[in-house]
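Shown next, in structure tokens, is the structure this report addresses.
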Amino acid sequence: MSSLREENPGFQKPDALDRSFFARDTVAVARDLIGKLLVSEAGGRTKGVIVETEAYLPSRDSACHAAKHRTSRTEVMFGPAGFAYVYPIHAKYCFNIVTEVAERGCAVLVRAVEPVEGVSLMKRRRGLDDERRLATGPSCLCQAMRIDRSMNELDLTLGSLVWVEEGLGLNTEPITIKNSKRIGVTSATNRRLRFYVAGNRFVSGPARFRT
DNA sequence: AACGGGATGGTT
DNA sequence: ACCATCCCGTTG
């Protein structure tokens, strides 16, 4: 009886992207999230432009957590789109957004943002001054924006605590979105399911993964 | 209860 | 290339 799992169409902030955005093909959502704004009001407001994502597909994707078994950990992935799937790994966290229709088991991992608000807060949380490294990498992003396990199963379309907004892009220049193999994934490596802003310095991975 | 493997990230 | 660190799913 988790109230988080209920859909609340009447209470969403105008700014938050609605469920119809997330309830689409996972690759399309991963690609379209590039350039959008990720906002967190957990312990103070932080905001960043999404510059890197990865798609984890509902079928024939052995790297997707939901692929093998439906367990308590992956339960939220089988619910409606627009909910957060936050899971721990190596004593850190990764932030995902559930996609498509319920029962499929798929999501998009947000791997990096370019900080645009709450930079000093991010610096304090990360213990760093180097802006480039504040929210580059999925677990660094979570630490910078204070996203943790308590946000698992949060409805992001409510526009409360954590949500995604329409962005005007990184700057006035047109951006190029490129794709590559997913980082750290050892199976299903034939598919190019990682999307990133070409040449953006806030994208994670070695140099050849950022150009 | 015990075990092994990560959608990591920082260091060598 | 190595490994600290810890959660989770599986196996016994």
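Here the structure is a predicted model, which means the values were calculated and not measured. Quick note on labels: first sequence line is chain A, next is B, and so on, each numbered from 1.
- Not one side-chain nitrogen or oxygen of A/His90 sits closer than 4.0 Å to the OP1 or OP2 atom of B/dG9.
- Atom pair A/Gln143:CD and C/dT5:P shows a separation of 15 Å (rounding to whole Å applied).
- For A/Cys106 against A/Leu57, the heavy-atom pair with the smallest separation is CB-C, 3.9 Å.
- The listed nucleotides are B/dG9, B/dA7, C/dC7; the one nearest the side chain of A/Pro88 is C/dC7.
- Within a 6.0 Å radius of NZ in A/Lys181, no more than 12 heavy atoms belonging to other residues, nucleotides or ligands are found.
- Within the nucleic acid shown, A/Arg182 has no heavy atom closer than 4.0 Å to any nucleic acid atom.
- In this structure, the nucleotide among C/dG9, B/dA7, C/dC6 sitting nearest to the side chain of A/Arg73 is C/dG9.
- The interatomic distance linking A/Ile89 (CD1) with C/dA4 (C1') rounds to 13 Å, in whole Å.
- For A/Arg70 and A/Glu103, the salt-bridge test passes: some basic side-chain N is under 4.0 Å from an acidic carboxylate O.
- Note: NZ (A/Lys68) to P (C/dT10) measures 10 Å, nearest angstrom.
- Residue-level contact check: A/Ser72 touches the backbone only, with heavy atoms under 4.0 Å from sugar-phosphate atoms and none from bases.
- Contact of the A/Glu54 side chain with the A/Val108 side chain is not registered, since no non-hydrogen atoms from C-beta on lie closer than 4.5 Å.
- Here the C1' atom of nucleotide B/dA7 and the CD atom of A/Glu54 are 6 Å apart, to the nearest Å.
- Atom-to-atom, CZ of A/Phe95 to P of B/dT8 comes out at 16 Å; the value is rounded to the nearest Å.
- A salt bridge links A/Asp155 to A/Arg19: one of the charged nitrogens lies within less than 4.0 Å of a carboxylate oxygen.
- Between the P atom of B/dG5 and the NE2 atom of A/His65 lies a distance of 15 Å, rounded to the nearest Å.
- Residue A/Arg111 has no polar side-chain atom (N or O) positioned under 4.0 Å from OP1 or OP2 of B/dA7.
- Comparing A/Tyr87 and A/Leu128 by the nucleotide of DNA chain B that holds the closest heavy atom to each, the one mapping nearer the 5' end is A/Tyr87.
- Straight-line distance from the NZ atom of A/Lys92 to the P atom of B/dG10: 7 Å, rounded to whole Å.
- Side chain of A/Cys140, nearest nucleotide from B/dG10, C/dG9, B/dG6: B/dG10.
- Nucleic acid contact for A/Arg126: sugar-phosphate only, since backbone atoms but no base atoms lie under 4.0 Å from a heavy atom of the residue.
- In a base pair of the Watson-Crick type (N1 to N3 plus N6-O4 or O6-N4) or a G-U wobble (N1-O2 and O6-N3), with each distance short of 3.5 Å, B/dC3 is matched with C/dG9.
- Nucleotide C/dC3 has B/dG9 as its partner under the Watson-Crick or G-U criteria, with both atom distances under 3.5 Å.
- Straight-line distance from the CZ atom of A/Arg191 to the C1' atom of B/dA7: 16 Å, rounded to whole Å.
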